[in-house]
K.L.:
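Submitted below is the structure of interest, expressed as structure tokens.
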Amino acid sequence: MFVRIKFAAMNSEKKNRPAVTIIGLGPMGQAMGHAYLEKEYSLTVWNRTPGKADALVARGATRAATVGDALNASELAVISLTDYDIMYTILESAQASLPGKTLVNMSSDTPEKLRQAEQWANRYGAAFLAGGIMVPPPMVGQESPHVYTFYSGDEATFKRHQAALQVMSATDYRGRDVGLAMVYYQALLDFMYTAVAGGVHAYALAKSAGIDAKIFEPYFQSFLQFLPDLFASSNTAAELDSGRYDGSQNNMRMLAAGTGHVLHASRDAGIDVSLPEVVDRIYAGTAAQGFAEAGINSIVEVLKQPARPGN
Ligand code: NDP
């Protein structure tokens, strides 16, 4: 009798808990799942490879047998897949379960793909939000000023689910155009991918001269600390908005000579030169386009031009 009462109480507790479904259990989806379990949500999960749900199921999550079952379990479905096309592949088999649901797609893709996805979801009677999460999986659910996600789409839908979304990270709603979350996300990743490639290329250049990465590391770290000052002293944001680029302290003529030196040093060292070639093309191209005496931010004059065929 006691056991039955306890079981009934547990069931009603489960019913009273807020519910969320997660579709996609790569490292990111799994981290999100653990964050929801930590906050005692009723969590239902689905993944193409079911075994990736094992650790979450061991902590109380429900493994849905079908995508339709996963959608039926909660009004809110968080999607975490490699890209948006996979969402269609997965959800098209569960169209009947879409009306009345809110899909929050946290996957990476282009802003245009997000806009198409919103229309697709709305056609099937589902609300749609896009999220661009700015942290790696181990930081999901942690309270830190660096742990946040850009969101975009219908604001009322966002506000209705904001408390649930805050379980994963702080939220930063960017606007009604559903593509905006990815514009902010991609712009920052644009910087991250290029910066990491440049940083590792720097290590490769040092190593080509027999300098161990461990020896080079403190100099690299110190230079990283200097980057915020570099951007601040270059007045990057203000100059990009005004279109005036102060070259009084360092101009594109001198800087383009410098990018040429990095390119030639890399070539002499026998390492890959594709990255310094591109950088040199941008800097030298800016100087050649009438900005030889302008400052470093004038490279935007080249960068904002349309892509050439083949780029
Ligand atoms: P992945 O990008 O590798 O996503 C893996 C998920 O996609 C798994 O659920 C996988 O299923 C599923 N998937 C891939 N291809 C298919 C397919 N053809 N059919 C069905 N399912 C498929 O790993 P993450 O979890 O790391 O990333 C998820 C999203 O989060 C990505 O868009 C990523 O850009 C973004 N993100 C990731 C960060 C990170 O540091 N990991 C940081 C910020 C954003 P299965 O398990 O069956 O293979």
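Hydrogens, waters and symmetry mates play no part in the numbers below; they use all other heavy atoms, side chains included. Order of appearance sets the numbers: ligands from 1, and atoms from 1 within every ligand.
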K.L.:
Could you identify the single nearest non-hydrogen protein atom to atom 28 (C) of ligand 1 and state the distance to 0.1 Å?
P.N.:
S80 OG, 3.5 Å

K.L.:
For a salt bridge (charged side-chain N to carboxylate O under 4.0 Å, His left out) check, start with the C-alpha distance between K214 and E217, then their side-chain angles and the critical distance, and finish with the verdict.
P.N.:
CA-CA 5 Å; K214 270 285 167 207; E217 186 179 34; 2.9 Å; yes

K.L.:
Return a yes/no value for D83: is any of its N or O atoms, backbone included, closer than 3.5 angstrom to an N or O of ligand 1?
P.N.:
no

K.L.:
T89 near ligand 1, heavy-atom distance under 4.0 Å?
P.N.:
no

K.L.:
Note the single closest protein heavy atom to atom 45 (P) of ligand 1, along with its residue, its atom name and the distance in Å.
P.N.:
T49 OG1, 3.4 Å

K.L.:
Considering the heavy atoms of S108, write down every atom of ligand 1 situated less than 4.0 Å from one of them.
P.N.:
32 (O), 34 (O)

K.L.:
Looking at R115 and E118, is any side-chain nitrogen of the basic one under 4.0 Å from a carboxylate oxygen of the acidic one?
P.N.:
no

K.L.:
Under 4.0 Å from a heavy atom of I133: give me the atoms of ligand 1 that qualify, with their elements.
P.N.:
43 (C), 44 (C)

K.L.:
Could you tell me the separation between the OH atom of Y84 and the OG1 atom of T110, rounded to the nearest 0.5 Å?
P.N.:
9.5 Å

K.L.:
Check ligand 1 against G24 and write out every atom of the ligand that is under 4.0 Å from a heavy-atom position of the residue.
P.N.:
9 (O)

K.L.:
Looking at F158, Y184, Y151, which hits ring pair (Phe, Tyr, Trp, His ring centres under 6.0 Å) with Y173?
P.N.:
F158

K.L.:
How far is atom 2 (O) of ligand 1 from its nearest protein heavy atom, and which residue and atom name does that atom have?
P.N.:
T82 OG1, 3.1 Å

K.L.:
Using the side-chain hydrogen bond (donor to acceptor under 3.5 Å, both in side chains) rule, pick out the option among E293, E239, E301 that qualifies with Y245.
P.N.:
E301

K.L.:
Kindly compute the distance separating NZ (K113) from CG (D85), expressed to the nearest 0.5 Å.
P.N.:
3.5 Å

K.L.:
For R174 and D172, what are the C-alpha separation, side-chain angles and deciding distance, and is it a salt bridge (charged side-chain N to carboxylate O under 4.0 Å, His left out)?
P.N.:
CA-CA 6 Å; R174 293 285 81 213; D172 189 337; 3.0 Å; yes

K.L.:
Nearest to atom 9 (O) of ligand 1, what protein heavy atom do you find, and at what distance?
P.N.:
N47 OD1, 2.6 Å

K.L.:
What protein heavy atom is closest to atom 37 (C) of ligand 1, reported as residue, atom name and distance in Å?
P.N.:
M28 CE, 3.8 Å

K.L.:
Under 3.5 Å, is there a donor-acceptor pair between the T149 and S169 side chains?
P.N.:
yes

K.L.:
With ring centroids as reference points, do F220 and F223 lie under 6.0 angstrom apart?
P.N.:
no

K.L.:
CE of M252 to OG1 of T286: how many Å apart, nearest 0.5 Å?
P.N.:
4.5 Å

K.L.:
Just to be sure I read this right, does ligand 1 sit under 4.0 Å from the backbone of Y185, its side chain, both, or neither, counting only heavy atoms?
P.N.:
side chain

K.L.:
Got the closest protein heavy atom to atom 24 (P) of ligand 1, with its distance?
P.N.:
P27 CD, 3.7 Å

K.L.:
State whether the shortest distance between N or O atoms of P137 and N or O atoms of ligand 1 falls below 3.5 angstrom.
P.N.:
no

K.L.:
Which heavy atom of the protein is the closest neighbour of atom 31 (C) of ligand 1, given with residue, atom name and distance?
P.N.:
L81 O, 3.3 Å

K.L.:
When you measure from the side chain of D229 to the backbone N and O of A232, does any donor-acceptor pair fall under 3.5 Å?
P.N.:
no

K.L.:
May I ask you to identify, for K52, whether its side chain, its backbone, both or neither come under 4.0 Å of ligand 1 on a heavy-atom basis?
P.N.:
side chain

K.L.:
Identify the closest protein heavy atom to atom 19 (N) of ligand 1: which residue and atom is it, and at what distance?
P.N.:
R48 NH1, 3.4 Å

K.L.:
Just jot down the ligand 1 atoms closer than 4.0 angstrom to any heavy atom of I90, in number order.
P.N.:
20 (C), 21 (N)

K.L.:
I'd like to check whether S107 has a polar contact with ligand 1, where a contact means an N/O of the residue lying under 3.5 Å from an N/O of the ligand.
P.N.:
no

K.L.:
Under a 3.5 Å distance rule, please check whether K101 uses its side chain to pair with a backbone N or O of L71 as donor and acceptor.
P.N.:
yes

K.L.:
So is there a nitrogen or oxygen of P136 less than 3.5 Å from a nitrogen or oxygen in ligand 1?
P.N.:
no

K.L.:
Output the distance between atom CD (Q249) and atom CD1 (I296), rounded to the nearest 0.5 Å.
P.N.:
13.0 Å

K.L.:
Select one of side chain, backbone, both or neither to describe which atoms of I86 lie under 4.0 Å from any atom of ligand 1, heavy atoms only.
P.N.:
side chain

K.L.:
Applying a 4.0 Å heavy-atom criterion (strictly less than), which segment of V135 is in contact with ligand 1: side chain, backbone, both, or neither?
P.N.:
backbone

